[in-house]
Amino acid sequence: MADPLSPLPEQFRSLQHHLRTAQEHEKREPVVTYYCRLYVMQTGMKIDSKSPECRKFLCKLMDQLETLKKQLGDCESITQEIVGSAHVENYALKMFLYADNEDRAGRFHKNMVKSFYSASLLLDTLAVFGELTEENVHHRKYARWKATYIHNCLKNGVTPQAGPMGMEGEEYDEANTEEGSSSFSNQEPSPSYQPPNMPTTNYTGIQIPPGAHAPANTPAEVPHNTGVASNAITHPSPQNIPAIDPSLYNAKTQGDVRLTPEDFARAQKLCKYAGSALQYEDVNTAVQNLQKALKLLTIGRE
(Lines give C-alpha, C1' and ligand atoms only; values in the text may rest on other atoms or scores of the structure.)
Protein backbone atom coordinates (compact mmCIF):
# COMPACT_ATOMS: atom_id res chain seq x y z
CA MET A 1 0.00 0.00 0.00
CA ALA A 2 1.34 3.44 -0.95
CA ASP A 3 2.19 5.94 1.75
CA PRO A 4 -0.45 8.61 2.42
CA LEU A 5 0.00 11.89 0.63
CA SER A 6 1.81 14.75 2.31
CA PRO A 7 -0.27 17.90 3.00
CA LEU A 8 -1.57 19.55 -0.17
CA PRO A 9 0.69 22.49 -1.09
CA GLU A 10 -1.05 25.83 -1.45
CA GLN A 11 0.03 25.94 -5.11
CA PHE A 12 -2.18 22.90 -5.77
CA ARG A 13 -5.28 24.17 -3.99
CA SER A 14 -7.23 24.25 -7.27
CA LEU A 15 -6.79 20.45 -7.46
CA GLN A 16 -8.12 19.58 -4.00
CA HIS A 17 -11.57 18.54 -5.23
CA HIS A 18 -10.12 16.27 -7.92
CA LEU A 19 -8.14 14.53 -5.19
CA ARG A 20 -11.25 14.21 -3.05
CA THR A 21 -13.16 12.73 -5.97
CA ALA A 22 -10.34 10.22 -6.44
CA GLN A 23 -10.53 9.22 -2.79
CA GLU A 24 -14.34 8.86 -2.87
CA HIS A 25 -14.11 6.39 -5.76
CA GLU A 26 -11.13 4.38 -4.55
CA LYS A 27 -13.12 1.25 -3.61
CA ARG A 28 -16.05 1.32 -6.04
CA GLU A 29 -14.47 2.85 -9.18
CA PRO A 30 -10.66 2.48 -8.96
CA VAL A 31 -10.27 3.31 -12.68
CA VAL A 32 -11.87 6.70 -12.03
CA THR A 33 -9.57 7.15 -9.04
CA TYR A 34 -6.52 6.35 -11.15
CA TYR A 35 -7.30 8.93 -13.83
CA CYS A 36 -8.29 11.61 -11.31
CA ARG A 37 -4.90 11.22 -9.65
CA LEU A 38 -3.13 11.12 -12.99
CA TYR A 39 -4.83 14.40 -13.88
CA VAL A 40 -3.66 15.94 -10.59
CA MET A 41 -0.13 14.66 -11.26
CA GLN A 42 0.05 16.08 -14.79
CA THR A 43 -1.56 19.39 -13.84
CA GLY A 44 0.55 19.72 -10.70
CA MET A 45 3.73 19.21 -12.71
CA LYS A 46 2.72 22.16 -14.88
CA ILE A 47 1.91 24.36 -11.88
CA ASP A 48 5.02 23.74 -9.78
CA SER A 49 7.43 20.81 -9.91
CA LYS A 50 10.45 22.56 -8.37
CA SER A 51 9.57 23.78 -4.89
CA PRO A 52 10.41 21.25 -2.12
CA GLU A 53 6.84 20.89 -0.84
CA CYS A 54 5.44 20.36 -4.34
CA ARG A 55 8.14 17.87 -5.32
CA LYS A 56 7.50 15.89 -2.13
CA PHE A 57 3.75 15.84 -2.78
CA LEU A 58 4.13 14.81 -6.43
CA CYS A 59 6.55 12.00 -5.53
CA LYS A 60 4.06 10.58 -3.02
CA LEU A 61 1.28 10.90 -5.59
CA MET A 62 3.40 9.09 -8.17
CA ASP A 63 3.89 6.23 -5.70
CA GLN A 64 0.11 6.00 -5.23
CA LEU A 65 -0.40 5.88 -8.98
CA GLU A 66 2.13 3.10 -9.44
CA THR A 67 0.62 1.08 -6.58
CA LEU A 68 -2.90 1.44 -7.97
CA LYS A 69 -1.73 0.57 -11.47
CA LYS A 70 -0.21 -2.68 -10.17
CA GLN A 71 -3.39 -3.49 -8.26
CA LEU A 72 -5.48 -3.06 -11.40
CA GLY A 73 -3.17 -5.41 -13.29
CA ASP A 74 -4.24 -6.05 -16.88
CA CYS A 75 -7.41 -3.92 -16.69
CA GLU A 76 -8.02 -2.69 -20.24
CA SER A 77 -9.18 0.72 -18.97
CA ILE A 78 -5.60 1.22 -17.74
CA THR A 79 -3.60 -0.59 -20.42
CA GLN A 80 -5.55 0.83 -23.38
CA GLU A 81 -6.04 4.56 -23.52
CA ILE A 82 -9.12 4.41 -25.75
CA VAL A 83 -10.90 2.14 -23.26
CA GLY A 84 -9.88 4.31 -20.31
CA SER A 85 -11.13 7.43 -22.06
CA ALA A 86 -14.48 5.81 -22.84
CA HIS A 87 -14.80 4.53 -19.27
CA VAL A 88 -14.22 7.92 -17.62
CA GLU A 89 -16.32 9.82 -20.17
CA ASN A 90 -19.25 7.40 -19.83
CA TYR A 91 -19.09 7.61 -16.06
CA ALA A 92 -18.96 11.42 -16.04
CA LEU A 93 -21.85 11.75 -18.49
CA LYS A 94 -23.99 9.24 -16.61
CA MET A 95 -23.50 11.34 -13.49
CA PHE A 96 -24.27 14.49 -15.47
CA LEU A 97 -27.43 12.95 -16.90
CA TYR A 98 -28.64 11.90 -13.45
CA ALA A 99 -28.26 15.46 -12.15
CA ASP A 100 -29.76 16.97 -15.32
CA ASN A 101 -32.82 14.69 -15.14
CA GLU A 102 -33.33 15.63 -11.48
CA ASP A 103 -32.99 19.31 -12.43
CA ARG A 104 -35.46 19.13 -15.32
CA ALA A 105 -37.94 17.30 -13.09
CA GLY A 106 -37.67 20.05 -10.48
CA ARG A 107 -36.14 17.77 -7.83
CA PHE A 108 -33.52 19.99 -6.20
CA HIS A 109 -31.31 18.56 -3.44
CA LYS A 110 -27.69 18.40 -2.32
CA ASN A 111 -27.04 15.06 -3.98
CA MET A 112 -27.83 16.40 -7.45
CA VAL A 113 -25.70 19.50 -6.79
CA LYS A 114 -22.79 17.25 -5.88
CA SER A 115 -23.42 15.11 -8.97
CA PHE A 116 -23.32 18.15 -11.25
CA TYR A 117 -20.08 19.32 -9.66
CA SER A 118 -18.45 15.87 -9.60
CA ALA A 119 -19.33 15.41 -13.29
CA SER A 120 -17.52 18.65 -14.10
CA LEU A 121 -14.43 17.45 -12.22
CA LEU A 122 -14.43 14.12 -14.04
CA LEU A 123 -14.74 15.91 -17.37
CA ASP A 124 -11.62 17.85 -16.33
CA THR A 125 -9.75 14.56 -16.03
CA LEU A 126 -10.42 13.70 -19.69
CA ALA A 127 -7.58 16.14 -20.41
CA VAL A 128 -5.14 13.30 -19.65
CA PHE A 129 -6.26 11.73 -22.96
CA GLY A 130 -5.89 14.91 -25.00
CA GLU A 131 -7.90 18.02 -25.72
CA LEU A 132 -11.53 17.94 -24.62
CA THR A 133 -14.20 17.94 -27.30
CA GLU A 134 -16.20 21.13 -27.65
CA GLU A 135 -19.26 19.23 -26.43
CA ASN A 136 -17.57 18.12 -23.22
CA VAL A 137 -16.24 21.63 -22.62
CA HIS A 138 -19.85 22.88 -22.73
CA HIS A 139 -21.05 20.08 -20.48
CA ARG A 140 -18.31 20.84 -17.95
CA LYS A 141 -19.06 24.55 -17.91
CA TYR A 142 -22.81 24.01 -17.63
CA ALA A 143 -22.49 21.38 -14.87
CA ARG A 144 -20.22 23.59 -12.78
CA TRP A 145 -22.48 26.56 -13.21
CA LYS A 146 -25.63 24.57 -12.40
CA ALA A 147 -24.00 23.34 -9.17
CA THR A 148 -23.31 26.96 -8.22
CA TYR A 149 -26.75 28.25 -9.13
CA ILE A 150 -28.77 25.51 -7.40
CA HIS A 151 -26.52 25.60 -4.33
CA ASN A 152 -27.10 29.36 -4.02
CA CYS A 153 -30.84 28.98 -4.42
CA LEU A 154 -31.09 26.24 -1.79
CA LYS A 155 -28.91 28.23 0.59
CA ASN A 156 -31.06 31.34 0.22
CA GLY A 157 -34.42 29.60 0.32
CA VAL A 158 -35.17 30.33 -3.35
CA THR A 159 -36.74 27.76 -5.67
CA PRO A 160 -34.32 27.21 -8.58
CA GLN A 161 -35.49 27.46 -12.17
CA ALA A 162 -35.49 23.99 -13.69
CA GLY A 163 -33.76 23.03 -16.91
CA PRO A 164 -31.37 24.81 -19.27
CA MET A 165 -30.69 28.49 -18.68
CA GLY A 166 -27.98 31.14 -18.79
CA MET A 167 -24.82 31.24 -16.71
CA GLU A 168 -23.65 33.96 -14.35
CA GLY A 169 -22.05 34.13 -10.93
CA GLU A 170 -19.10 32.61 -9.12
CA GLU A 171 -17.99 29.02 -9.24
CA TYR A 172 -19.29 26.33 -6.92
CA ASP A 173 -16.86 25.25 -4.21
CA GLU A 174 -17.78 22.03 -2.42
CA ALA A 175 -15.60 22.91 0.56
CA ASN A 176 -17.66 26.02 1.24
CA THR A 177 -20.86 24.00 1.49
CA GLU A 178 -19.30 21.71 4.08
CA GLU A 179 -17.95 24.55 6.17
CA GLY A 180 -21.32 26.23 6.31
CA SER A 181 -20.09 29.37 4.58
CA SER A 182 -20.19 30.60 1.04
CA SER A 183 -18.52 33.23 -1.10
CA PHE A 184 -21.15 32.97 -3.84
CA SER A 185 -22.81 36.06 -5.17
CA ASN A 186 -26.61 35.94 -5.27
CA GLN A 187 -27.15 36.53 -8.96
CA GLU A 188 -30.10 35.66 -11.15
CA PRO A 189 -29.31 33.64 -14.28
CA SER A 190 -29.43 35.23 -17.70
CA PRO A 191 -31.20 33.46 -20.60
CA SER A 192 -28.08 33.54 -22.77
CA TYR A 193 -26.76 29.98 -22.69
CA GLN A 194 -28.56 26.89 -23.95
CA PRO A 195 -26.71 23.57 -23.51
CA PRO A 196 -27.36 20.62 -25.80
CA ASN A 197 -30.64 18.79 -25.21
CA MET A 198 -29.21 16.46 -22.60
CA PRO A 199 -31.75 13.62 -22.41
CA THR A 200 -31.46 12.84 -26.12
CA THR A 201 -27.91 13.96 -26.79
CA ASN A 202 -25.58 11.55 -28.59
CA TYR A 203 -22.40 11.79 -26.51
CA THR A 204 -19.50 11.13 -28.89
CA GLY A 205 -21.52 8.33 -30.43
CA ILE A 206 -22.81 6.95 -27.12
CA GLN A 207 -26.60 6.75 -27.04
CA ILE A 208 -27.70 7.54 -23.48
CA PRO A 209 -31.43 6.95 -22.94
CA PRO A 210 -33.58 9.54 -21.08
CA GLY A 211 -34.09 8.76 -17.41
CA ALA A 212 -30.95 6.63 -17.01
CA HIS A 213 -30.46 5.96 -13.32
CA ALA A 214 -27.55 7.27 -11.35
CA PRO A 215 -24.06 5.71 -11.45
CA ALA A 216 -22.68 3.68 -8.57
CA ASN A 217 -21.41 6.59 -6.49
CA THR A 218 -24.68 8.55 -6.61
CA PRO A 219 -26.81 8.09 -3.50
CA ALA A 220 -29.64 5.64 -4.13
CA GLU A 221 -32.11 7.57 -2.00
CA VAL A 222 -33.24 11.13 -2.48
CA PRO A 223 -33.32 13.16 0.75
CA HIS A 224 -36.79 13.22 2.31
CA ASN A 225 -37.16 16.96 1.96
CA THR A 226 -37.17 16.74 -1.82
CA GLY A 227 -40.65 15.25 -1.88
CA VAL A 228 -39.52 12.39 -4.11
CA ALA A 229 -40.15 8.79 -3.11
CA SER A 230 -36.89 6.95 -2.53
CA ASN A 231 -37.85 4.14 -4.89
CA ALA A 232 -38.04 6.63 -7.75
CA ILE A 233 -34.30 6.18 -8.17
CA THR A 234 -33.56 2.96 -6.34
CA HIS A 235 -35.49 0.75 -8.79
CA PRO A 236 -34.48 1.19 -12.45
CA SER A 237 -37.27 1.05 -15.00
CA PRO A 238 -37.27 -1.72 -17.65
CA GLN A 239 -35.00 -0.95 -20.56
CA ASN A 240 -36.31 -0.63 -24.09
CA ILE A 241 -33.98 -2.70 -26.23
CA PRO A 242 -33.69 -1.38 -29.80
CA ALA A 243 -34.85 -3.61 -32.63
CA ILE A 244 -32.07 -5.59 -34.29
CA ASP A 245 -31.60 -4.93 -37.99
CA PRO A 246 -32.34 -8.35 -39.63
CA SER A 247 -29.69 -7.70 -42.28
CA LEU A 248 -27.01 -7.90 -39.59
CA TYR A 249 -27.67 -11.53 -38.68
CA ASN A 250 -25.71 -12.83 -41.67
CA ALA A 251 -23.65 -9.73 -42.27
CA LYS A 252 -20.66 -10.04 -44.58
CA THR A 253 -18.39 -7.31 -45.85
CA GLN A 254 -19.55 -6.09 -49.22
CA GLY A 255 -16.98 -6.57 -51.97
CA ASP A 256 -16.75 -2.92 -52.96
CA VAL A 257 -16.36 -1.59 -49.43
CA ARG A 258 -12.93 -0.13 -48.70
CA LEU A 259 -12.41 0.65 -45.06
CA THR A 260 -9.98 3.37 -44.06
CA PRO A 261 -7.79 3.36 -40.93
CA GLU A 262 -10.25 5.89 -39.52
CA ASP A 263 -13.11 3.43 -40.08
CA PHE A 264 -11.27 0.69 -38.18
CA ALA A 265 -10.49 3.11 -35.34
CA ARG A 266 -14.14 4.21 -35.24
CA ALA A 267 -15.38 0.61 -35.14
CA GLN A 268 -12.97 -0.20 -32.34
CA LYS A 269 -14.16 2.83 -30.40
CA LEU A 270 -17.82 1.85 -30.82
CA CYS A 271 -17.06 -1.62 -29.44
CA LYS A 272 -15.21 -0.13 -26.49
CA TYR A 273 -18.16 2.18 -25.81
CA ALA A 274 -20.46 -0.85 -25.86
CA GLY A 275 -18.24 -2.66 -23.37
CA SER A 276 -18.15 0.37 -21.10
CA ALA A 277 -21.96 0.69 -21.28
CA LEU A 278 -22.34 -2.91 -20.11
CA GLN A 279 -20.45 -2.02 -16.95
CA TYR A 280 -23.53 0.08 -16.12
CA GLU A 281 -25.92 -2.66 -17.31
CA ASP A 282 -27.00 -0.30 -20.09
CA VAL A 283 -28.06 -2.86 -22.69
CA ASN A 284 -29.67 -0.26 -24.94
CA THR A 285 -26.44 1.70 -25.36
CA ALA A 286 -24.39 -1.47 -25.89
CA VAL A 287 -26.70 -2.84 -28.60
CA GLN A 288 -26.87 0.45 -30.50
CA ASN A 289 -23.11 0.89 -30.53
CA LEU A 290 -22.46 -2.73 -31.55
CA GLN A 291 -24.94 -2.41 -34.41
CA LYS A 292 -23.20 0.76 -35.57
CA ALA A 293 -19.83 -0.99 -35.51
CA LEU A 294 -21.15 -3.98 -37.47
CA LYS A 295 -22.77 -1.77 -40.10
CA LEU A 296 -19.59 0.26 -40.46
CA LEU A 297 -17.49 -2.85 -41.01
CA THR A 298 -19.91 -4.46 -43.49
CA ILE A 299 -21.27 -1.58 -45.56
CA GLY A 300 -18.76 1.17 -44.82
CA ARG A 301 -21.10 3.48 -42.93
CA GLU A 302 -23.08 3.57 -39.68
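All figures in this text were calculated on a predicted structure; none of them were measured in a lab. Quick note: residue numbers are just sequence positions, from 1.
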Quiz item: Residues in side chain to side chain donor-acceptor pair (under 3.5 Å) with Glu81, at least two apart?
Solution: none

Quiz item: Is the shortest side-chain N to carboxylate O distance from Glu102 to Lys146 below 4.0 Å?
Solution: no

Quiz item: Is there side-chain contact between Arg144 and Asp124, with at least one heavy-atom pair below 4.5 Å?
Solution: yes

Self-check item: Closest non-hydrogen atom pair between Arg55 and Ser49, with its separation
Solution: CG-O, 2.9 Å

Quiz item: Transitively linked via ILVMFWY side-chain contacts under 4.5 Å: Val83 with Leu290?
Solution: no

Exercise. Calculate, to the nearest 0.5 Å, the distance between atoms CD and CG belonging to Glu131 and Leu126 respectively.
Key: 12.5 Å

Quiz item: So how far is it from Thr125 OG1 to Tyr34 OH, rounded to the nearest 0.5 Å?
Solution: 12.5 Å

Quiz item: Quick one: are the ring centres of His151 and Tyr117 less than 6.0 Å apart?
Solution: no

Quiz item: Hey, what do you get for CG (Leu61) to CE (Met41), rounding to the nearest 0.5 Å?
Solution: 4.0 Å

Self-check item: Heavy-atom side-chain proximity of Asn101 to Leu97 below 4.5 angstrom
Solution: yes

Exercise. Evaluate the criterion side-chain contact (heavy atoms from CB on, under 4.5 Å) for residue pair Leu68 and Leu65; output intermediate values, then yes/no.
Key: CA-CA 5 Å; Leu68 183 54; Leu65 281 168; 5.7 Å; no

Quiz item: What distance do Gln11 atom CD and Asp48 atom CG have between them, rounded to the nearest 0.5 Å?
Solution: 5.0 Å

Quiz item: Between Cys75 and Lys69, is any pair of side-chain heavy atoms under 4.5 Å apart?
Solution: no

Quiz item: Parallel under 30°, tilted from 30 to 60°, perpendicular over 60°: which one fits the rings of His25 and Tyr91?
Solution: perpendicular

Self-check item: Of all pairs that satisfy ring-ring contact (aromatic ring centres under 6.0 Å, His included), the ones with a partner from residues 38-78, not counting sequence neighbours
Solution: Phe12-Phe57, His18-Tyr39

Exercise. Report yes if the side chains of Tyr142 and Asp100 come closer than 4.5 Å at any heavy-atom pair, otherwise no.
Key: yes

Exercise. Please confirm whether the backbone N or O of Ala22 pairs with a side-chain atom of Thr33, one donor and one acceptor, at under 3.5 Å?
Key: yes

Exercise. Can you measure from CG (Asn90) to OG (Ser85) and round to the nearest 0.5 angstrom?
Key: 9.5 Å

Self-check item: Sub-4.5 Å side-chain heavy-atom contact between Lys94 and Tyr98
Solution: no

Quiz item: Counting only N and O atoms by type, is there a donor-acceptor contact under 3.5 Å from the side chain of Asn152 to the main-chain atoms of Leu154?
Solution: no

Practice problem: State, with a plain yes or no, whether a side-chain heavy atom of Glu29 is found less than 4.5 Å away from one of His87. | Solution: yes

Quiz item: Out of curiosity, Lys56 NZ to Glu53 CD, how far, rounded to the nearest 0.5 Å?
Solution: 10.0 Å

Quiz prompt | Chi angles and distances behind the side-chain contact (heavy atoms from CB on, under 4.5 Å) call for Ser14, Thr43 | solution = CA-CA 10 Å; Ser14 62; Thr43 307; 5.9 Å; no

Exercise. Indicate if Leu38 and Met62 have the same hydrophobic cluster label, given that clusters are the connected sets of ILVMFWY residues with side-chain heavy-atom separations under 4.5 angstrom.
Key: yes

Practice problem: Apply side-chain contact (heavy atoms from CB on, under 4.5 Å) to the pair Thr159 and Cys153, showing each step before the final yes or no. | Solution: CA-CA 6 Å; Thr159 301; Cys153 288; over 6 Å; no

Quiz item: Taking all atoms of both residues into account, what is the closest heavy-atom pair of Cys36 and Leu122, and its distance?
Solution: SG-CD2, 3.6 Å

Practice problem: Quick one: do Lys114 and Glu24 satisfy side-chain contact (heavy atoms from CB on, under 4.5 Å)? Show the steps, please. | Solution: CA-CA 12 Å; Lys114 182 179 175 73; Glu24 289 173 347; 3.0 Å; yes

Self-check item: Distance-minimising heavy-atom pair for Ala119 and Met95
Solution: N-SD, 3.6 Å

Quiz item: For Tyr35, which residues count as a ring pair (Phe, Tyr, Trp, His ring centres under 6.0 Å) partner, sequence neighbours excluded?
Solution: Phe129

Quiz item: Which atoms form the tightest heavy-atom contact between Pro160 and Ile150, and what is the distance?
Solution: CG-CG2, 4.2 Å

Quiz item: What are the two closest non-hydrogen atoms of Gly73 and Thr79, and how far apart are they?
Solution: O-CG2, 4.2 Å

Quiz item: Within the side chain of Arg140, is there an N or O that forms a donor-acceptor pair under 3.5 Å with the backbone of Leu123?
Solution: no

Quiz item: Can you find a heavy atom in the side chain of Lys141 that is under 4.5 Å from one in the side chain of His138?
Solution: no

Quiz prompt | Taking every non-hydrogen atom, the tightest pair across Leu297 and Ala267 | solution = CD2-CB, 3.8 Å

Practice problem: Please tell me if the side chains of Glu89 and His139 come closer than 4.5 Å, counting only heavy atoms from C-beta onward. | Solution: no

Quiz item: Counting only heavy atoms not in Gln42, do more than 12 sit closer than 6.0 Å to its CD atom?
Solution: yes

Quiz item: Are Leu8 and Met45 linked, directly or through other ILVMFWY residues, by side chains that come within less than 4.5 angstrom of each other?
Solution: yes

Quiz prompt | Same cluster (ILVMFWY, side-chain, under 4.5 Å), Val31 and Val128 | solution = yes

